Amino acid sequence: MDRTADQALMKEINKYIVLNRIRFQSPISRSQISAETGLNKATVSALTDELIREGLVLEVGQGRSRVGRRPIMLLFNANAGSVMGVELGVEYVRIVITDFAARVVYAVNHPIDKRAGAADVLEFLVTCIETALVKAPVTDYGVIGIGIGVPGLVDFRRGIVLRAPHLHWDNIPLKAMLESRLHKPVFVDNEANAGALGEKLYGAATHVSNLLYVSAGTGIGTAIVVGDELMRGADGVAGEFGHMSIDAHGDPCTCGNVGCWELYASERSLCSVYAKLTGETADFDTILQRYQASDPSAMQAFQMIGRYLGIGIVNLTNGLNPAMIILGNRLAEGGRMVTDAIQQAISARCLVSPYAKVAVQASALGRDACAIGSAALVLHDFFAGPRAKTTTRSIAGK
C-alpha cells in the first residue's frame, strides 16, 4: 500500500471513529470528541464537516461552557436512512423497518401457510420483504440493507442456512438468493443470536457484558454473550441448547435426537399441557388470550412451561454463569408467571446461584427482539468502517 492510500485509509478510519462517537454520545461537541479520541481539533473539525455534508450529522445549537465561546453541539441524524429487520418464524414472517437508531417506524406480521413447502416459504419471504420495502419512509440513504433471523444453524459469514429443521431447510444460500432478487445487502443469522443482539444493543441488557438469551417459541434457541461478544463457536453454530436431551428416553425430535429440551418447553408443549389440564384442544394464541384474562388453567400451563424452561436454564447457568437471562419469543408473553418459575428453578436447583446473583426477565423488546437485532446486523456493517466490515466477532459492544 502506497503512502497516499495509507493516508486515505487512516482518514476513513478516523472518520468512522468520529461518527460513532457522535452516534452513541450525541449531543456532543467537537472539542469533546477531540479530547476523548485523541484526534487533534483540526482533524475532528474537518471530519465532522464532511459528515454534516453527507447528512449523517447535524448541528443543534450551543452547549454549555464555563469559559470562552459556547461550543456548537453535534447530533447523530438517525433519520438519514432506514434498515429492515426480519424474523423468519416457523409460522410467521415479522418485519420491522427502523431508522439508523434502530427505532421502529413500521412493523408488520405475515402468517405462513402451514401447508407451504420450503420453496414456497422462501418465495413468500421475498414477497413480504418487497411489499414492506414500499412502506419505508423516504430518506437520503433509503433502506441500506436487510437483516434476517432464522430458526436454525446458520453460517453467518456466508449467509447460508445450514439446517432449519422446523422449516425443512438444508444448505439454503439465503444471503446470495435474496441479494440477487432484492439488490440490497442481506445479512443472515440465527434468530436467537439476533434476539440477543437486539436486547444487548437496544433492550434490557445494554449494561450487561455476560448474557444468556433464550428464545422459546415453536422451538428453543439460545444465544450467549460473554465479555460483550457473541459466542459463535469454532464453526459459528454455537448455542443450539434447545436440542440437548433432558430425557434420555424421551420422545423423538425433528433434529434426530430424543428427549430434547424444546419438546418439553415450547409452544407445542404449552398446548399439550393445557389440553391435559382442561381436556380441551386450543392453539397458542387462544391460551395466551385466556392467560391474559386470568384463566386459571392457562396460568397454570404457562407456569408449568416456565418450570421446564427452568430445568434447561439451570444447566446453562451452572456452565456459563451469566449475569442476566432474558427470555424471548412468544413464550415470553407469559411474563412474570414464566420468569418467576424460571427464577424459582434456579434458586432451588442451580449450583452457582448461592454465589452469583442471576437476573431473569422477559425481553424488553418483546416480539421485535429478533427483528431489531437483525436490523442491528445491517447497522453494524454500515457504521463499522473499513476496519471491521462483515466480521464474525460480536457486534454487542459499541
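Side-chain atoms are counted along with the backbone in the values below, which use heavy atoms only and exclude waters and symmetry mates. Keep in mind the model is a prediction, meaning the values are calculated, not measured.
- With hydrogens and angles ignored, the 3.5 Å screen pairs a side-chain donor or acceptor of Asn190 with a backbone N or O of Gly152.
- Phe156 and Val186 are not part of a single hydrophobic cluster, where members link through side-chain heavy atoms under 4.5 Å apart.
- A side-chain donor-acceptor contact under 3.5 Å links Asp155 to the backbone of Arg158.
- When all heavy atoms are compared, the tightest approach of Ala364 to Gly203 is CB-C, 4.1 Å.
- Leu19 and Phe100 fall within a single hydrophobic cluster, where Ile, Leu, Val, Met, Phe, Trp and Tyr side chains are chained together by heavy-atom contacts under 4.5 Å.
- In this structure the side chain of Leu167 reaches within 4.5 angstrom of the side chain of Val150, judged on heavy atoms.
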>> Set out, in order, the CA-CA distance, both residues' side-chain angles and the distance that settles salt bridge (Lys or Arg N to Asp or Glu O under 4.0 Å) for Arg163 and Glu240, then state yes or no.
In response: CA-CA 12 Å; Arg163 190 177 185 199; Glu240 286 297 327; over 6 Å; no
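- In this structure the side chain of His380 never reaches within 4.5 angstrom of the side chain of Leu201, judged on heavy atoms.
- Between the CD1 atom in Ile144 and the CG atom in Asp381 there is a gap of 8.0 Å [rounded to 0.5 Å].
- The list of ring-ring contact (aromatic ring centres under 6.0 Å, His included) pairs with a residue in residues 307-349, not counting sequence neighbours, is empty.
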>> Show, in sequence, the C-alpha distance, side-chain angles and deciding distance for Ser26 and Leu75, and conclude whether the side-chain contact (heavy atoms from CB on, under 4.5 Å) test is met.
In response: CA-CA 5 Å; Ser26 64; Leu75 184 72; 3.7 Å; yes
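- The closest side-chain heavy-atom distance from Leu379 to Arg23 is below 4.5 Å.
- Side chain of Ser245 to backbone of Val258: a donor-acceptor contact under 3.5 angstrom is found.
- The list of side-chain hydrogen bond (donor to acceptor under 3.5 Å, both in side chains) pairs with a residue in residues 361-371, not counting sequence neighbours, reads Arg94-Asp368, Glu199-Ser363.
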> Does the pair Cys255 and Cys260 meet the rule for a side-chain contact (heavy atoms from CB on, under 4.5 Å), with working shown?
Replying inline: CA-CA 9 Å; Cys255 74; Cys260 289; 3.7 Å; yes
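- With sequence neighbours left out, Asp120 forms a side chain to side chain donor-acceptor pair (under 3.5 Å) with no residue at all.
- Remark: the backbone N or O of Arg268 is not paired with any side-chain donor or acceptor of Ser272 at under 3.5 angstrom.
- To the nearest 0.5 angstrom, Gln32 atom CD is 10.0 Å from Leu74 atom CG.
- Through chains of ILVMFWY side-chain contacts below 4.5 Å, Ile160 is grouped with Leu153, Leu162, Val237.
- Val214 is not listed as a side-chain neighbour of Leu331, based on a closest heavy-atom distance of 4.5 Å or more.
- The main-chain N or O of Gly145 is never found under 3.5 Å from a side-chain atom of Lys184 such that the two would form a donor-acceptor pair.
- Using a distance-only test at 3.5 Å, with no hydrogens or angles considered, no donor-acceptor pair links the side chain of Glu87 to the main chain of Gly149.
- For the atom pair Leu212 CG and Thr222 OG1, the distance stands at 6.5 Å (nearest 0.5 Å).
- From Met337, atom CE reaches atom CD1 of Ile305 across 13.0 Å, with rounding to the nearest 0.5 Å.
- Sorted by first then second residue, the side-chain hydrogen bond (donor to acceptor under 3.5 Å, both in side chains) pairs that include residues 100-118, not counting sequence neighbours, are Asp99-Arg103, Asp113-Arg115.
- Within the structure, ring-ring contact (aromatic ring centres under 6.0 Å, His included) pairs that include any residue of residues 203-224 do not occur (at least two apart or interchain).
- The aromatic rings of Phe76 and Phe383 sit perpendicular to each other, their planes meeting at more than 60°, with 30° as the lower class boundary.
- Listed by chain and number, the residues in a salt bridge (charged side-chain N to carboxylate O under 4.0 Å, His left out) with Asp295 amount to none (sequence neighbours excluded).
- The hydrophobic cluster containing Val352 does not contain Ile313, counting ILVMFWY residues as joined when their side-chain heavy atoms lie under 4.5 angstrom apart, directly or transitively.
- The shortest non-hydrogen separation linking Leu309 to Ala216 is CD2-CB, 4.0 Å.
- Met10 CE to Glu12 CD: the interatomic distance, rounded to the nearest 0.5 Å, is 12.0 Å.
- Taking both residues in full, the closest heavy atoms of Leu211 and Ala205 are given as CD2-CB, 3.9 Å, listed atom of the first, atom of the second, then distance.
- Contact of the Leu125 side chain with the Leu174 side chain is registered, since non-hydrogen atoms from C-beta on lie closer than 4.5 Å.
- A pairwise comparison of heavy atoms in Glu179 and Pro185 identifies OE2-CA, 3.5 Å as the closest pair.
- Within the structure, ring-ring contact (aromatic ring centres under 6.0 Å, His included) pairs that include any residue of residues 268-295 comprise Tyr291-Phe302 (at least two apart or interchain).
- When side chains are defined from C-beta on, Val86 counts as touching Ile146, because their heavy atoms get closer than 4.5 Å.
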> Val121 and Leu88: side-chain contact (heavy atoms from CB on, under 4.5 Å), yes or no, with the steps?
Replying inline: CA-CA 9 Å; Val121 170; Leu88 175 59; 4.2 Å; yes
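- Tyr264 is not listed as a side-chain neighbour of Ile220, based on a closest heavy-atom distance of 4.5 Å or more.
- Clustering ILVMFWY residues whenever any of their side-chain heavy atoms sit less than 4.5 angstrom apart, transitively, puts Ile112 in a cluster other than the one holding Val90.
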>> side-chain contact (heavy atoms from CB on, under 4.5 Å) for Lys200 and Leu230? Distances and angles first, verdict last.
In response: CA-CA 10 Å; Lys200 174 63 184 140; Leu230 188 64; over 6 Å; no
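- The cluster map of Ile, Leu, Val, Met, Phe, Trp and Tyr, joined by side-chain heavy atoms under 4.5 Å apart, puts Leu365 and Ile97 in different clusters.
- Among pairs with a residue in residues 226-255, none fulfils ring-ring contact (aromatic ring centres under 6.0 Å, His included), at least two apart in sequence or across chains.
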Which side-chain N or O atoms in residues 48-57 pair as donor and acceptor under 3.5 Å with protein atoms at least two apart or in another chain?
| unit_1 | atom_1 | unit_2 | atom_2 | d |
| --- | --- | --- | --- | --- |
| Thr48 | OG1 | Arg30 | NE | 3.1 |
| Thr48 | OG1 | Val44 | O | 2.9 |
| Thr48 | OG1 | Ser45 | O | 3.0 |
| Asp49 | OD1 | Arg30 | NH2 | 3.3 |
| Glu50 | OE1 | Lys11 | NZ | 3.1 |
| Glu50 | OE2 | Lys15 | NZ | 3.0 |
| Glu54 | OE1 | Lys15 | NZ | 3.1 |
| Glu54 | OE2 | Lys15 | NZ | 2.5 |

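- Between Thr218 and Pro151 the shortest side-chain heavy-atom distance does not fall below 4.5 Å.
- The minimum heavy-atom distance between Ala282 and Arg290, with the atom names listed, is CB-NH1, 4.4 Å.
- Here the side chain of Ser269 pairs a donor or acceptor atom with the backbone of Leu263 at under 3.5 angstrom.
- When all heavy atoms are compared, the tightest approach of Ile287 to Cys271 is CD1-CA, 3.7 Å.
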Under 3.5 Å, sequence neighbours excluded: what are the donor-acceptor pairs made by side chains of residues 127-135?
| unit_1 | atom_1 | unit_2 | atom_2 | d |
| --- | --- | --- | --- | --- |
| Thr127 | OG1 | Glu123 | O | 3.1 |
| Thr131 | OG1 | Thr127 | O | 2.8 |

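- Contacts of Val314 classified as side chain to side chain contact (heavy atoms under 4.5 Å, CB included), with partners at least two apart in sequence or in another chain: Asn318, Ala345, Ile346, Arg349, Cys350.
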